[in-house]
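We count ligands from 1, going down the list as the structure has it; atoms in each ligand are counted the same way.
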Amino acid sequence: MKVADSLTESQFVVTRLTPSQVGALGVIGILGEKAALVLDAHFVPYGKSSIQSLAVGSIAVGDWHHAMVASQLASGTREGTVRQSHEKPECVVLVKTGMTSWEVHVHGGQAVITSLLGSFVSAGAVNISWGEWFACNGNNDRSMFVREQLAQTDGFFAAQILTRQLAGYFERDIEQVQEVLCSSRKSLEKLKAAEAVINRLECSARIGMRLAKPWHVILLGPVNAGKSSLLNALAGYARSIVSPYAGTTRDVLETRVVLYGWAVDLIDTAGFHLENNSRQPASKIEKEGIERALVAAQSADLILKVRPINEPETEWFSLEKVGESHPPCINVGTKADLPDTKQDKDNSHSKASVVTSARTGLGLDELVKVIIETLVPEMKDQADCFLGGVPITSGDRDIVRDLHQQLEIYSRDL
Ligand SMILES: Nc1nc2c(ncn2[C@@H]2O[C@H](COP(=O)(O)OP(=O)(O)OP(=O)(O)O)[C@@H](O)[C@H]2O)c(=O)[nH]1
Ligand SMILES: [Mg+2]
């Protein structure tokens with residue numbers, strides 16, 4: 001990585017370039033004349049190479065000794081110092097990225113990265129955020145935004161789309177259209193090619209504008225319908241409490257999963273009781289839970305309306321309760337493994353878009369497929385729309401809108 005043009009050489013800064021969670025690898029960046037002194041005090045390269053002889057762009061592998069710097073820097077002597085640390089050294093890779101800038105690559109444990117950062121800070125370096133580091137690193141606002149989104153995103157597809165934007169796919173698409181508009185020789189063929197690019201960009205904008213935001217999918221249904229069991233089956237672990245007692249779930253409970261490569265927050269809710277059910281009225285706490293479920297449903301992207309298919313159908317809940325413009329809804333039948341206790345089995349099945357069993361796994365793949373097709377219909381309808389540039393900011397969308405208008409004018413002159 002090239003280091004900050006606008007950070008001056010007299011500055012001495014250090015930053016953690018990898019996410020702050022535990023990861024396989026940790027990378028820290030250091031800039032400043034004093035960096036070499038600190039590195040020399042801690043780092044013992046394998047083989048003959050010393051860090052003084054390293055050329056820009058080359059690497060050295062060696063041991064990092066944690067407890068060295070203070071005494072060496074204080075005495076100002078580097079040569080001939082006996083390395084006295086009793087701690088086990090870490091194997092690190094040192095990269096010289098510029099005349100006074102470096103990266104240290106180490107395993108991703110928290111303690112070792114904190115220790116490395118601390119070594120530079122105690123020698124006078126300022127610990128800056130990775131955002132500040134990249135902002136000074138010749139990155140424009142858009143690429144900073146992409147990097148920030150990449151750090152937040154969970155799903156494979158969102159990460160893939162963002163990585164393509166970092167590689168300049170959007171800019172290339174825009175240049176292609178601008179070339180057509182600026183060319184002195186107009187042609188229908190060029191117009192069609194440019195229109196195809198703009199169509200693709202417009203098609204992908206809805207998703208592009210919310211890549212770091214997971215989808216919210218809420219499960220609503222009567223008590224004991226199997227909502228929590230279904231959520232657990234989709235998540236792959238026992239996230240929600242399941243029991244044969246009606247009214248087990250009381251609160252709104254969110255669980256992050258990745259379905260078909262998209263980050264989804266599944267939201268479990270308190271079950272509805274039949275209205276005027278004197279045998280099983282909802283308690284005060286359950287009523288509060290149901291209220292919360294309805295509020296959460298208003299801002300969800302998708303409702304799963306869950307109902308056990310082995311029981312007689314009752315009109316327990318109407319979507320109008322969520323609001324006039326409620327999110328799209330999928331009817332999900334549950335407990336398909338149980339014997340049918342009612343007459344009209346075919347009718348019951350046909351009313352459910354997807355029939356599932358949390359116990360046997362029946363229908364779960366189909367349900368995931370239907371969920372993603374409903375949330376991201378673009379994947380099915382125009383599969384190539386995420387393969388190139390994707391507008392990810394309102395500024396990007398304005399550029400696309402403006403080019404669309406210019407293409408319309410261009411087409412009138414043909
Ligand atoms: N046989 C069978 N039983 C199921 C299935 N799904 C849920 N159950 C059972 O149905 C009962 C209720 O399941 P829950 O998942 O707690 O239902 P819920 O809709 O979350 O219930 P509340 O939280 O009370 O609203 C439990 O005894 C489950 O074991 C299924 O697919 N097959
Ligand atoms: Mg429940």
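Among Asn232, Leu220, Asn224, the residue whose heavy atom lies closest to atom 11 (C) of ligand 1 is Asn224. Of all the listed residues (Ser243, Ala293, Ser228), Ser228 holds the heavy atom that lies closest to atom 20 (O) of ligand 1. Nearest-residue assignment for atom 28 (C) of ligand 1 (options Leu338, Asp337, Val242; heavy-atom criterion): Val242.
Below 3.5 Å of separation, one finds an N or O of Ala225 facing an N or O of ligand 1. No N or O atom of Thr356 sits closer than 3.5 Å to an N or O atom of ligand 1. At least one N/O-N/O distance between Arg359 and ligand 1 falls below 3.5 Å. Residue Ser229 places at least one N or O, backbone or side chain, under 3.5 Å from an N or O of ligand 1. Of the N or O atoms in Gly226, one or more lie within a sub-3.5 Å distance of an N or O in ligand 1.
Within the 4.0 Å heavy-atom criterion, the part of Ala246 lying near ligand 1 is the backbone and not the side chain.
Residue contact check for ligand 1: Ser357 places a non-hydrogen atom closer than 4.0 Å to it. Close to ligand 1: Tyr245, with a non-hydrogen atom less than 4.0 angstrom away.
A cation-pi arrangement is not found for Arg16 relative to Trp133, the charged atom failing to lie both closer than 6.0 Å to the ring centre and inside a 45° cone about the ring normal. Cation-pi geometry between Lys186 and Tyr410 is met: under 6.0 angstrom from the ring centre, within 45 degrees of the axis.
If you check which protein heavy atom lies closest to atom 8 (N) of ligand 1, you get Lys335 CE, 3.7 Å.
Thr269 lies apart from the Mg ion (ligand 2) in this respect, since none of its N, O or S atoms is found at a distance under 2.8 Å.
When only modelled atom types and interatomic distance are considered, Gln298 and His326 share no side-chain donor-acceptor pair under 3.5 Å. In summary, the side chains of Asp337 and Thr360 do not present any donor paired with an acceptor at a separation below 3.5 Å, with no hydrogens or angles considered. Thr334 and Thr356 share no donor-acceptor pair across their side chains, judged by distance under 3.5 Å alone.
Results of the side-chain contact (heavy atoms from CB on, under 4.5 Å) test with Ile330 over Val217, Ile303, Leu302 single out Leu302 as the only residue that passes.
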Which donor-acceptor pairs under 3.5 Å do side chains of residues 162-169 form with protein atoms, sequence neighbours excluded?
from: Thr163; atom 1: OG1; to: Ala159; atom 2: O; distance (Å): 2.6
from: Arg164; atom 1: NH1; to: Phe386; atom 2: O; distance (Å): 3.1
from: Gln165; atom 1: OE1; to: Val390; atom 2: N; distance (Å): 3.0
from: Gln165; atom 1: NE2; to: Ile161; atom 2: O; distance (Å): 3.0
from: Gln165; atom 1: NE2; to: Gly388; atom 2: O; distance (Å): 3.2

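Between Trp64 and His42, the two ring planes are parallel [angle under 30°; tilted spans 30° to 60°].
More than 12 heavy atoms of other residues, nucleotides or ligands sit less than 6.0 Å from atom CZ of Arg250.
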